[in-house]
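Just the heavy atoms: all of them, side chains too, but no hydrogens, waters or symmetry mates, feed the values below.
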Amino acid sequence: MKYYSTNHNSPDVSLAEAVVKGLAPDRGLYMPERIGRLPQEFFDNIADKSFHEIACTVARAFFGDDIPAADLDAIVCDTLSFPAPVVEVEPGIYSLELFHGPTLAFKDVGARFMARLLQYFIKRGDDRRNVHVLVATSGDTGSAVANGFLGVDGINVHVLYPKGKVSPIQECQFTTLGKNITAIEVDGVFDDCQRLVKSAFLDAELNDKLLLTSANSINVARFLPQAFYYFNAYAQLKKAGKADNVVICVPSGNFGNITAGLIAHRMGLPIKRFIAANNANDVFFNYLQSGVYEPKPSVATIANAMDVGDPSNFARILDLYGNDHKAITSLISGTSYSDGLIAETMADCYKRTGYMLDPHGAVGYRALKQLLMPGETGVFLETAHPAKFKDTVEAHIGTTVEIPSRLADFMKGTKQSVPMSKDFDSFKKYLAGLV
Ligand SMILES: *Cc1c(COP(=O)(O)O)cnc(C)c1O
């Protein structure tokens, strides 16, 4: 299978190239050239299949040309070492819990899959240089990527984070791991971290010596596997006799997660419609109303993983529907909520149902409450565990949030990081020393 750029201004590439490159040379995002419908028989029997069986079938549709089935199945099953249950919150409204992975957020699925796929390509290829993954993080991405790659042979990960600017819970998730993961504490802000990473990718001398790659969230190997859990959620609803008129609501920031759902829909998954739920960062919501896409600087909110003012995956959504605003609005509706409403939703849902939402899931839950119509079944994606946002959640629900043991284990480890100034020279010296 070839992958093309959404900007249609650079050559089509193989899967391996799309994964190592991340972004196309024309700054477009890679898309699979074919998105085939899965056979009706698959949907007829889906309720009897396991998460692994479902995910392997979906994975073969994308990656089956490039990777032998047995190898691909092993990558899929190793990636999905945790469940993604659908839990009823109240009649007609279900939570698809995506926080059962090692770092308690949905990004674990894509990060783990990408790590294993990259390792597979390295073993198969003849480039004998060591691979170095560089990732700049403001908190959550660093932990998902670091843990996704932890212990994966032949790949070293360097996580750059701004000193004093990530929460202690986030910090311990990438500074205590050891092995092939190095945390780099940059004396600067997130933008400095990102600039250092970008400069490294552009530095010819470094790229001669080292194979550098980005594990960015727009990478096809991080984005496509997210389709797995949409199919699995549908299977669980079907088993419960609730699979008619399903509406899926996705708390969205960079729009990678919802785009994977739209791809599942294109593959024949019987979802009636989607809701893209936003916090105060409302560019997509405005696009739905007006047909005009106007990116703007992001604003900080309590659902901070969704603070995006120019969502990268918007390009993929336009591409999927041929730039047709009407086609997009007939399938996707949107909402936008202030921090006040998000906080009120966490408190109200907990009081009425006992279900504890994290700030991102709260955006999704509220959107379903607002837009679900009679006869529809709603599922929102609970994208992170409330304990990841312990202080915010506790402040609004008035109860202690228990920290799951796998999160507490991170906090017991010894923090280790390499101090780094924000000028490129010192970062370059550090990288050159890795050869
Ligand atoms: C990344 C993230 C989101 C946003 O997902 P996108 O794919 O960027 O739309 C939502 N919630 C949480 C907890 C996240 O970490």
Side-chain angles (χ1 to χ4, degrees), residues 22-23 103 105 107-108 111 114-115 118 130-150 152 155-207 209-219 222 253-254 297-301 304-310 312 388-389 391 410-411 413-435:
L23 197 67
T103 74
K107 291 185 177 74
D108 282 329
M114 179 179 171
L118 196 58
N130 266 329
V131 176
H132 295 274
V133 173
L134 306 183
V135 54
T137 187
S138 54
D140 269 352
T141 305
S143 55
V145 170
N147 284 274
F149 282 83
L150 181 63
V152 173
I155 305 178
N156 297 299
V157 178
H158 311 270
V159 182
L160 287 81
Y161 70 103
K163 184 176 174 176
K165 305 239 165 23
V166 303
S167 79
I169 289 185
Q170 289 174 324
E171 190 176 9
C172 69
Q173 287 181 296
F174 49 79
T175 56
T176 61
L177 301 173
K179 294 189 189 168
N180 57 331
I181 312 297
T182 309
I184 299 179
E185 188 175 35
V186 176
D187 195 3
V189 295
F190 170 68
D191 293 331
D192 294 313
C193 300
Q194 198 147 39
R195 185 177 40 77
L196 290 179
V197 168
K198 281 189 181 155
S199 306
F201 288 127
L202 294 173
D203 189 282
E205 213 181 318
L206 281 177
N207 285 275
K209 295 189 190 131
L210 303 164
L211 192 54
L212 299 176
T213 187
S214 80
N216 195 298
S217 70
I218 49 129
N219 198 296
R222 280 192 59 190
N254 223 358
S298 63
V299 296
T301 76
N304 61 2
M306 290 154 51
D307 295 349
V308 181
D310 184 7
S312 314
K388 284 198 98 164
F389 305 92
D391 296 346
F410 285 116
M411 297 161 85
T414 322
K415 196 189 118 178
Q416 267 187 319
S417 56
V418 177
M420 189 68 62
S421 88
K422 63 181 175 190
D423 59 84
F424 182 58
D425 277 353
S426 44
F427 186 50
K428 183 171 174 176
K429 217 172 272 165
Y430 163 81
L431 287 175
L434 300 171
V435 181

### Query
Going through the checks in order, is the side chain to side chain contact (heavy atoms under 4.5 Å, CB included) test met by Val145 and Thr137?
CA-CA 10 Å; Val145 170; Thr137 187; over 6 Å; no
Check your understanding: Is Arg195 reaching over with its side chain to a backbone N or O of Lys422, donor-acceptor style, under 3.5 angstrom?
Key -> yes
- Item | Short side-chain to backbone donor-acceptor contact, Asn254 and Ala305, under 3.5 Å | no
[X] and [Y]: which non-hydrogen atoms are nearest, and at how many Å?
X: Val152; Y: Asn180; answer: O-ND2, 3.3 Å
X: Phe201; Y: Leu134; answer: CZ-CB, 4.2 Å
X: Ser298; Y: Gly309; answer: CB-N, 3.7 Å
X: Thr141; Y: Val135; answer: CG2-CG2, 4.1 Å
X: Asn147; Y: Ser143; answer: ND2-O, 2.8 Å
X: Gly142; Y: Phe174; answer: C-CD2, 3.9 Å

Would you say that [X] contacts [Y] through its side chain, given a criterion of any heavy-atom pair below 4.5 Å between the two side chains?
X: Leu23; Y: Ile218; answer: yes
X: Phe190; Y: Lys165; answer: no
X: Tyr161; Y: Val186; answer: no

Output all residues satisfying salt bridge (Lys or Arg N to Asp or Glu O under 4.0 Å) with [X], sequence neighbours left out; order by chain, then residue number.
X: Lys388; value: Asp140
X: Lys179; value: none
X: Lys428; value: Asp203, Glu205

Point-to-point distance, once rounded to the nearest 0.5 Å, from [atom1] of [X] to [atom2] of [Y]:
X: Ile184; Y: Tyr430; atom1: CD1; atom2: OH; result: 3.5 Å
X: Phe410; Y: Ile169; atom1: CZ; atom2: CD1; result: 11.5 Å
X: Leu434; Y: Leu206; atom1: CG; atom2: CG; result: 9.0 Å
X: Asn216; Y: Gln194; atom1: CG; atom2: CD; result: 8.0 Å
X: Met114; Y: Lys107; atom1: CE; atom2: NZ; result: 15.0 Å
X: Ile181; Y: Gln416; atom1: CD1; atom2: CD; result: 13.0 Å

Handout entry: Lys163, NZ atom: more than 12 neighbouring heavy atoms under 6.0 Å
Key = no
Open item on the list: Please evaluate residues Glu185 and Lys415 with respect to the criterion side chain to side chain contact (heavy atoms under 4.5 Å, CB included), reporting the C-alpha separation (whole Å), side-chain torsions for both, the decisive distance (0.1 Å), and the verdict.
Closed with: CA-CA 11 Å; Glu185 188 175 35; Lys415 196 189 118 178; 3.9 Å; yes
- Task: Show your working on side chain to side chain contact (heavy atoms under 4.5 Å, CB included) between Val418 and Thr182 and close with a plain yes or no.
- Result: CA-CA 8 Å; Val418 177; Thr182 309; 3.7 Å; yes
